[in-house]
Number of protein chains: 2
Amino acid sequence: MAVGGEEGTVTGRAPTLDEVAREAGVSRSTASRAINGGERVSPKAQAAVDAAIARLGFSPNRAARALATSHTGSIALVIPEPDERFLTDPFLLGVLRGVNRGLVDSENQLVLLIAHEGQSPGRMASFLNAGHVDGAIVASPHRGDQIEETMRGSRPVVFIGRPFVSEGMSYVDVDNVEGGRLATQRLIDAGRRRIGTITGTLDMTAALDRLEGWRAALSAAGLPDDAVEGGQFGIEQAEAATHRLLDRVPDLDALFVASDTMAIGVRRALQARSLSVPGDIALIGFDNLGPAENMTPGLTTVDNPLLMMVQEATRILLDRIRDPQRPPEALVLPARLVERGSV
Amino acid sequence: MAVGGEEGTVTGRAPTLDEVAREAGVSRSTASRAINGGERVSPKAQAAVDAAIARLGFSPNRAARALATSHTGSIALVIPEPDERFLTDPFLLGVLRGVNRGLVDSENQLVLLIAHEGQSPGRMASFLNAGHVDGAIVASPHRGDQIEETMRGSRPVVFIGRPFVSEGMSYVDVDNVEGGRLATQRLIDAGRRRIGTITGTLDMTAALDRLEGWRAALSAAGLPDDAVEGGQFGIEQAEAATHRLLDRVPDLDALFVASDTMAIGVRRALQARSLSVPGDIALIGFDNLGPAENMTPGLTTVDNPLLMMVQEATRILLDRIRDPQRPPEALVLPARLVERGSV
DNA sequence: CTGTTAGCGCTTTCAC
DNA sequence: GTGAAAGCGCTAACAG
């Protein structure tokens with residue numbers, strides 16, 4: 001492991017491997033081996049190189065290394081969401097923290113690729129294929145992203161959230177169906193009989209799956225599953241959807257909301273109509289990524305183990321970069337209900 | 001040697017400049033010139049190269065280019081905050097969006113550097129000095145960060161938020177002093193006379209400056225400036241600080257809180273004591289980066305033009321990378337009060 | 001275990 | 001305007 005440059009003479013120019021080798025009294029190749037794992041290097045040479053590195057404050061030039069190995073030592077985090085909303089969401093922060101943790105002590109650097117507003121959809125894919133990074137983590141793919149198709153057979157990619165076309169792809173997800181079912185079952189167990197849902201953006205599998213879970217629980221209990229509104233993750237949209245739903249289904253007594261952030265909007269709508277939670281309407285959200293914790297009063301929700309998901313995704317990615325023969329890996333983590341009194 | 005290369009067939013391997021040159025019927029140097037601005041290239045050659053590039057789907061290898069030019073084509077966004085809180089904050093999201101926007105159509109890629117928990121403080125600095133990136137944007141530096149010192153005289157760096165040691169450094173900031181003054185003056189104008197403040201982490205200039213603005217307004221009005229508590233940006237800390245302050249200063253009738261996020265905690269404390277806003281206590285926050293907008297009831301606050309700050313920072317950085325002779329640039333954007341009824 | 005020898009793909013003098 | 005040639009700093013066979 002290369003040591004940083006606290007020591008060493010300040011030359012203005014970064015020292016090269018050649019200089020290290022000379023300083024250590026060995027050849028460049030020996031120095032190189034010593035740096036990369038120390039295979040077939042005598043303890044003596046190793047020590048000399050280590051010392052030289054420390055003395056000079058040497059740090060290997062990534063570009064040169066990448067050129068020689070055709071491994072860039074960097075992985076991309078792709079945010080295919082051109083939408084402003086996404087970047088306001090605690091989701092992205094979780095992803096960032098997870099990737100970052102997963103990358104600790106891996107010598108890899110994180111390249112952030114965020115979709116720009118009017119940018120051609122295939123641009124990111126071509127960036128990835130151009131070999132500028134060794135692999136990528138794609139956060140929350142949407143139906144219609146070019147990403148999935150273009151990524152096939154190129155550098156390894158791991159998706160956060162199951163992509164629409166998932167065969168042959170690596171991804172990590174939370175069990176959204178089970179989460180939706182758990183939440184809805186909880187409402188049923190609480191004695192609610194007219195249970196609606198405010199869905200997220202239905203071009204994402206997460207939203208579809210949560211809806212499916214809701215539906216499954218209701219149909220298992222023989223309850224009606226027609227109280228559906230929504231279609232967009234977003235506070236205002238959720239607020240409007242709630243109003244629409246209440247207009248249509250006045251006897252509603254519970255709501256499963258596809259995300260905690262959306263629940264903010266739902267609560268506003270309920271408040272506007274002087275409906276109490278959980279008195280009039282029981283409420284369960286999804287995610288538990290921050291908003292739910294800070295809400296007063298609390299919001300019962302389904303825990304989305306995002307941090308772990310992302311860390312796992314990073315691990316899978318690094319494994320596949322290390323060994324390209326590895327088969328794709330799909331991992332679905334269990335969902336868990338977190339009680340906070342809104343039921 | 002891999003077979004193929006004559007045709008634009010998909011070889012699995014990315015095409016090289018050599019292949020482009022051959023395809024275009026020119027030398028590698030001419031192809032290179034054509035790609036980089038087209039100086040001293042005949043229109044005919046230019047067209048041939050362009051066509052070849054399109055046909056082959058060529059994209060220059062960044063590593064090779066970096067090696068040849070000693071310009072990596074990537075800039076770092078440094079988050080020197082090992083603290084979990086920071087990554088829960090809308091601040092980081094604003095920074096991300098700003099940098100990202102500033103980088104549109106600049107061919108630069110964004111490398112994210114987030115401090116890890118137990119990581120030696122100088123590690124980031126040495127990464128930056130190692131020449132892995134062409135420059136860096138440092139978000140919200142703390143007193144005691146090695147960053148400022150180590151950065152001196154190396155690659156260009158622009159700080160978001162004035163660093164403690166600011167001479168000779170480029171930075172962009174909002175006028176925090178004026179913001180604190182504006183907020184406090186607004187409280188005074190509303191007839192409040194016992195005005196306290198809950199401060200942020202005082203190892204950041206933003207927190208210190210906001211406090212100074214508060215103090216300035218009070219002393220100009222001849223009001224006491226001893227109602228100070230806090231010391232950490234953070235919801236729980238702010239909540240606790242508010243309790244302490246109310247214990248100590250029971251006749252408090254207004255509060256300037258160093259951030260909107262902290263105001264969440266402040267409100268909890270007030271609510272716990274059955275104090276109304278603005279009836280009993282008038283409240284003004286700082287930032288207007290999201291939390292304030294979603295709060296019910298609304299929170300009057302000071303607008304932090306973060307997005308613009310960061311975009312400007314990015315511009316300054318790119319300018320300095322392009323022309324290293326440029327002198328450091330400091331930019332302080334005006335603060336502005338946003339009324340939302342909590343006064 | 002070690003040094004020599006070739007490149008990795010690109011830019012850049014420098015002659016022509 | 002163009003091409004030949006020389007690297008940028010590193011790794012990776014391959015002999016010793």
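Lettering of chains follows the sequences in order, A, B, ..., and the numbering in each one begins at 1.
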For A/Leu67 and C/dC8, give me the distance from atom CG to atom C1', rounded to whole Å. 4 Å
Examine distances only and state if a side-chain atom of B/Arg65 and a backbone atom of B/Pro60 form a donor-acceptor pair shorter than 3.5 Å. no
A/Glu329 backbone acceptor or donor facing A/Ser170 side chain under 3.5 Å: yes
Can you name the atoms? Protein N/O to nucleotides 11-15 of chain C N/O, anything below 3.5 Å, with the distance.
from   : atom 1 : to      : atom 2 : distance (Å)
C/dT11 : OP1    : B/Asn36 : OD1    : 3.3
C/dT11 : OP1    : B/Asn36 : ND2    : 3.1
C/dT11 : OP1    : B/Arg65 : NE     : 2.7
C/dT11 : OP1    : B/Arg65 : NH2    : 3.0
C/dT11 : OP2    : B/Ser32 : OG     : 2.8
C/dT11 : O4     : B/Arg28 : NH2    : 3.4

Just do the side chain to side chain contact (heavy atoms under 4.5 Å, CB included) check on B/Leu113 and B/Leu128 with the steps written out, would you? CA-CA 10 Å; B/Leu113 251 48; B/Leu128 297 183; 3.9 Å; yes
Given C/dG9, is OP1 or OP2 found less than 4.0 Å from the side-chain N or O atoms of B/Thr16? no
Using only atom types and a distance under 3.5 Å, with no angle test, would you say the side chain of A/Asn100 pairs donor to acceptor with the backbone of A/Leu96? no
Output the rounded distance in Å from CZ (B/Arg22) to P (C/dG9). 12 Å
A/Asp50 meets the side chain to side chain donor-acceptor pair (under 3.5 Å) criterion, sequence neighbours left out, with none
Which part of the nucleic acid, if any, lies within reach of A/Ala45 when heavy atoms closer than 4.0 Å are counted: base, sugar-phosphate only, or nothing? sugar-phosphate
Between the main-chain N or O of B/Ile75 and the side-chain N or O of B/Asp134, is there a donor-acceptor pair closer than 3.5 Å? no
Expressed in angstrom and rounded to an integer, what is the separation of A/Arg62 atom CZ from C/dC10 atom P? 20 Å
Can you check the A/His132 NE2 to C/dC10 P distance for me, whole Å? 10 Å
As a quick check of understanding, evaluate side chain to side chain contact (heavy atoms under 4.5 Å, CB included) for A/Arg62 and B/Thr72, giving each step before the final call. CA-CA 9 Å; A/Arg62 295 180 87 94; B/Thr72 63; over 6 Å; no
Under a 4.0 Å heavy-atom criterion, DNA chain D is touched by chain A from D/dG9 to D/dC14
Is there a donor-acceptor pair closer than 3.5 Å between any side-chain N or O of B/Thr205 and the backbone N or O of B/Arg162? yes
Should B/Glu312 and B/Arg315 count as an ion pair when the cut-off is N to O under 4.0 Å? yes
Looking at residues at least two apart in the chain, or sitting in another chain, which of them share a salt bridge (charged side-chain N to carboxylate O under 4.0 Å, His left out) with B/Arg28? B/Asp18
B/Asn61 meets the side chain to side chain donor-acceptor pair (under 3.5 Å) criterion, sequence neighbours left out, with none
Five pairs per end, C1' atoms only: what is the angle between the end axes of the helix from C/dC1-D/dG16 to C/dC16-D/dG1, to 10 degrees? 30°
